[in-house]
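Quick note: residue numbers are just sequence positions, from 1. Below, all heavy atoms of this structure are taken into account, side chains as well, without hydrogens, waters or symmetry copies.
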Amino acid sequence: MPQTVCSGTMFTTPSGFSPHLACAEPGGEEEEAPQEGPGTGASLADGTPFTSASLDTLIQNLVPTADYYPEKAYVFTFLLSARLFIPPPELLARVCELCIKQQQLDQSPLDTVKVRKFGPKILQLLTEWTETFPSDLRDEKMVGHLKDIIRRIAPCDEAYWKTLNQMLQKLSQRLALMSQGEESIVKVSLNASSISDKLVAFKTKPPPIQKDIFCICNDPYTLAQQLTHVELEHLSHIGPEEFVQAFVQKDPLDGTQQPCFSDQKKKTSNLEAYVRWFNRLCYLVATEICMPAKKKQRAQVIEFFIDVARECFNIGNFNSLMAIISGMNMTPVSRLKKTWSKAKTAKFFILEHQMDPTGNFYNYRTALRGAAHRSQTANSNRERIVIPFFSLLIKDIYFLNEGCANRLPNGHINFEKFVELARQVGEFMTWKQVECPFEEDQAILHYLHTAPIFSEDGLYLASYESESPENQVEKDRWKALRSNVLSKT
């Protein structure tokens with residue numbers, strides 16, 4: 001019998017984990033200048049390192065000049081975190097205003113020598129913004145600001161218009177693909193839900209109530225490959241901004257939720273769809289195990305999914321690995337003692353050890369670092385695959401967010417916190433860009449997305465039908481479940 005490793009449900013208030021970043025208690029007297037300090041990797045335009053600064057200072061540091069361009073890491077960190085304090089359209093408007101003022105773009109004639117040095121730099125910033133945070137550009141105000149700044153520098157070089165048009169064309173194609181992907185994921189989720197609702201939750205014996213996984217795929221490595229397809233497809237749609245928007249809080253300066261999060265649900269829809277996929281896979285595994293009428297068949301399914309989980313581990317697909325382990329650890333499955341006694345489970349306990357939550361998932365984090373190192377030195381997409389246990393990544397970011405204040409008592413933004421946030425999200429962004437090297441099997445993918453799954457009550461009922469209740473509590477629950485199901489049929 002397995003031991004419970006973790007719950008399959010995400011986004012409940014986490015417990016039992018510790019944050020990576022140990023944030024010192026903010027304190028000290030109010031000060032006007034940015035707070036200096038080592039370790040953040042952030043520095044002002046004059047090279048001065050800092051750990052905190054006012055929003056105005058951080059915006060100024062983002063604005064390029066004829067002789068200055070912010071470090072790429074700073075651009076990503078600030079564009080990722082600034083949305084907690086200022087909506088992206090307003091931020092871009094501020095950037096454009098500063099550019100116009102500093103480069104005197106509202107005067108005639110323009111200083112053509114100065115503007116020609118400045119032009120490529122502002123185009124570089126706008127390109128980085130549109131490529132890394134394309135969702136921001138769904139707002140027409142953003143596109144308007146882009147066109148306005150280019151209109152002001154175009155008299156010096158008409159090529160700027162051509163560059164802008166190419167940028168907008170790529171952006172339009174990217175947004176179209178994003179919309180198609182999001183709609184496809186929503187459609188799959190709805191189809192899976194409707195089919196599941198039609199599944200009769202009472203297990204008849206025999207014949208089985210639906211096709212089982214062996215009718216679709218009996219090779220563990222092939223199934224692990226197809227699970228990796230699903231994982232990477234979901235990851236490809238998650239934007240970096242969703243990690244920030246998932247934990248938006250009120251700004252302590254004005255006590256209100258930022259206006260850029262008025263449609264927060266839409267802005268975290270890809271992240272939430274990925275959560276639903278994890279939970280679905282947990283329940284699919286549990287359903288496949290509880291469904292067969294004979295314990296020998298159930299034991300074969302257990303052994304099959306143990307092999308699938310092992311292949312996921314070898315591939316670097318830790319999210320599917322944990323979903324499978326979580327499904328096998330659900331109570332309706334773990335209580336099947338006679339079934340487990342028939343299964344060869346030595347490999348399962350090894351996998352459980354790898355995903356053991358002890359020491360803040362120390363074993364898993366060690367394995368993840370190994371996979372990340374392999375990815376960095378890889379010669380093929382097969383070796384580049386790193387799919388983290390997503391629930392733990394979210395919890396790490398949750399604790400970073402909860403454990404460190406966004407602002408210090410003097411009103412400065414705690415930039416050191418957001419450097420660490422950008423490090424974690426940036427690593428994820430690198431992993432999600434890997435193209436899946438395995439050939440798609442549409443029959444298996446369709447089954448993974450649409451095969452009926454038991455509800456929690458259905459799982460318990462199927463479990464009790466397979467192996468009789470052992471105590472009065474289980475007997476009472478079995479009786480209630482049978483009565484409830486029979487009343488609906």
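Not one N or O on the side chain of Asn414 forms a donor-acceptor pair closer than 3.5 Å with the backbone of Arg407. For Ser375 (side chain) and Arg384 (main-chain N/O), a donor-acceptor pair under 3.5 Å exists by modelled atom type. With hydrogens and angles disregarded, no donor-acceptor distance shorter than 3.5 Å links the side chain of Glu303 to the backbone of Ala343. No donor-acceptor distance shorter than 3.5 angstrom exists from the side chain of Thr287 to the backbone of Ile453, with no hydrogens or angles considered. Although no hydrogens or angles enter the test, the distance criterion places no donor-acceptor pair under 3.5 Å between the side chain of Thr222 and the main chain of Asn218. Checked by atom type and distance alone, the side chain of Glu288 pairs as donor or acceptor with a backbone atom of Ile213 at under 3.5 Å. Between the side chain of Ser483 and the backbone N or O of Lys479, no donor-acceptor pair lies under 3.5 Å. Side-chain atoms of Lys417 come within 3.5 Å of backbone N or O of Asn401 as a donor-acceptor pair. With hydrogens and angles disregarded, a donor-acceptor distance shorter than 3.5 Å links the side chain of Ser341 to the backbone of Lys338. The closest donor-acceptor contact from the side chain of Asn363 to the backbone of His353 lies under 3.5 Å.
Side-chain contact, Asn270 with Glu242: a donor N or O sits under 3.5 Å from an acceptor N or O. Counting only N and O atoms by type, the side chains of Glu383 and Asn379 include no donor and acceptor under 3.5 Å apart. Donor-acceptor pairing under 3.5 Å is recorded for the side chains of Thr358 and Asp356. No hydrogens or angles considered: a donor-acceptor pair under 3.5 Å links the side chains of Glu272 and Thr268. If you check the side chains of Glu467 and Thr339, you find a donor sitting under 3.5 Å from an acceptor.
Summarising the geometry, atom OG belonging to Ser320 is positioned 12.5 Å from atom CD belonging to Gln225; distances are rounded to the nearest 0.5 Å. Within the model, atoms NE2 of His446 and CD of Gln226 stand 14.0 Å from one another, a figure rounded to the nearest 0.5 Å. Residue Cys290 holds its SG atom at 5.5 Å from CG of Leu459, rounded to the nearest 0.5 Å. Rounded to the nearest 0.5 angstrom, Lys72 NZ and Thr77 OG1 are separated by 12.0 Å. Taking CG of Leu400 as the reference point, atom CZ of Phe418 lies at 8.5 Å (rounded to 0.5 Å). To the nearest 0.5 Å, the span separating OG on Ser334 from CE on Met328 amounts to 11.0 Å.
Cation-pi contact between Arg83 and Phe133: present, with separation from the ring centre below 6.0 Å and deviation from the ring axis of at most 45°. Remark: Arg477 is not positioned above the aromatic ring of Tyr464, lacking an NZ or CZ atom under 6.0 angstrom from the ring centre and at most 45 degrees off the axis.
Tyr274 pairs with exactly one of Glu233, His237, Glu231 by the side chain to side chain donor-acceptor pair (under 3.5 Å) rule, that one being Glu231. Tested against Asn317, the residues Asn314, Leu321, Asn319 include a single side chain to side chain contact (heavy atoms under 4.5 Å, CB included) partner, Asn319.
Side chains of Leu336 and Ser463 form a contact here, defined as non-hydrogen atoms less than 4.5 Å apart. A 4.5 Å side-chain heavy-atom check between Lys432 and Leu232 finds every atom pair outside the cut-off. Between Asn406 and Ile413, every side-chain heavy-atom pair lies at or beyond the 4.5 Å cut-off. Contact check for Ile315 versus Arg382: side-chain heavy atoms found under the 4.5 Å cut-off. Within the 4.5 Å cutoff, no side-chain heavy atoms of Thr130 are placed close to those of Lys170. Between Val419 and Arg423, every side-chain heavy-atom pair lies at or beyond the 4.5 Å cut-off. For the pair Ile324/Leu227, a side-chain contact is recorded, criterion being any heavy-atom separation below 4.5 Å from C-beta on.
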Would Glu456 and Tyr283 satisfy side chain to side chain contact (heavy atoms under 4.5 Å, CB included), going step by step from the backbone distance to the final call? CA-CA 8 Å; Glu456 185 176 6; Tyr283 273 80; 4.0 Å; yes

Evaluation steps, side chain to side chain contact (heavy atoms under 4.5 Å, CB included), between Trp431 and Ile385: CA-CA 7 Å; Trp431 296 335; Ile385 296 172; over 6 Å; no

Using the side chain to side chain contact (heavy atoms under 4.5 Å, CB included) rule, take Phe305 and Leu223 through it: C-alpha gap first, then chi angles, then the decisive distance, then the call. CA-CA 9 Å; Phe305 276 112; Leu223 184 57; 4.2 Å; yes

When you look at Arg365 and Asn360, which way does the side-chain hydrogen bond (donor to acceptor under 3.5 Å, both in side chains) test go after all the steps? CA-CA 8 Å; Arg365 292 186 192 278; Asn360 196 8; 3.1 Å; yes

Hey, mind stepping through Gln442 and Glu440 against side-chain hydrogen bond (donor to acceptor under 3.5 Å, both in side chains) and telling me if it holds? CA-CA 6 Å; Gln442 291 300 328; Glu440 288 188 356; 2.7 Å; yes

What verdict does the side-chain hydrogen bond (donor to acceptor under 3.5 Å, both in side chains) test give for Asn279 and Arg276, after you've listed the backbone C-alpha separation in whole Å, the side-chain angles of each residue and the deciding distance to 0.1 Å? CA-CA 5 Å; Asn279 292 333; Arg276 290 193 296 273; over 6 Å; no

Let's go through Trp129 and Phe76 carefully: what are the C-alpha distance in whole Å and the side-chain angles of both, what is the deciding distance for ring pair (Phe, Tyr, Trp, His ring centres under 6.0 Å) to 0.1 Å, and is it a yes or a no? CA-CA 8 Å; Trp129 196 329; Phe76 176 72; over 10 Å; no

Worked verdict on Phe318 versus Phe313 for ring pair (Phe, Tyr, Trp, His ring centres under 6.0 Å): CA-CA 6 Å; Phe318 297 105; Phe313 180 86; 5.8 Å; yes

Lys475 vs Glu470, test: salt bridge (charged side-chain N to carboxylate O under 4.0 Å, His left out). Steps then yes/no. CA-CA 7 Å; Lys475 289 178 181 178; Glu470 295 183 342; over 6 Å; no

Assess the residue pair Arg482 and Glu465 against the criterion (side chain to side chain contact (heavy atoms under 4.5 Å, CB included)); give the C-alpha distance rounded to whole Å, side-chain angles, the decisive distance to 0.1 Å, and a yes or no. CA-CA 10 Å; Arg482 285 175 62 91; Glu465 291 286 321; 2.6 Å; yes

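For Tyr362, the OH atom is loosely surrounded, since the number of other residues' heavy atoms within 6.0 Å does not exceed 12. Around atom CD of Glu435, no more than 12 heavy atoms belonging to other residues, nucleotides or ligands sit under 6.0 Å away.
Nearest heavy atoms, Ala273 versus His234: O-CE1, 3.7 Å.
Ring-plane geometry between Phe214 and Phe304 is classed as perpendicular, the angle between the planes exceeding 60 degrees on a 0 to 90 degree scale with a lower cut at 30. Using a 30° and 60° split on the angle between ring planes, Trp340 and Phe348 fall in the tilted class, from 30° to 60°. Under the 30°/60° scheme for interplanar angles, the aromatic rings of Tyr364 and Phe389 are found to stand perpendicular.
One finds no salt bridge joining Glu90 and Lys141 here, because no Lys/Arg side-chain nitrogen approaches an Asp/Glu carboxylate oxygen to under 4.0 Å.
The aromatic ring centroids of Phe243 and Tyr398 lie 6.0 Å or more from each other. Ring centroids of Trp277 and Phe390 are separated by 6.0 Å or more, keeping the two rings apart.
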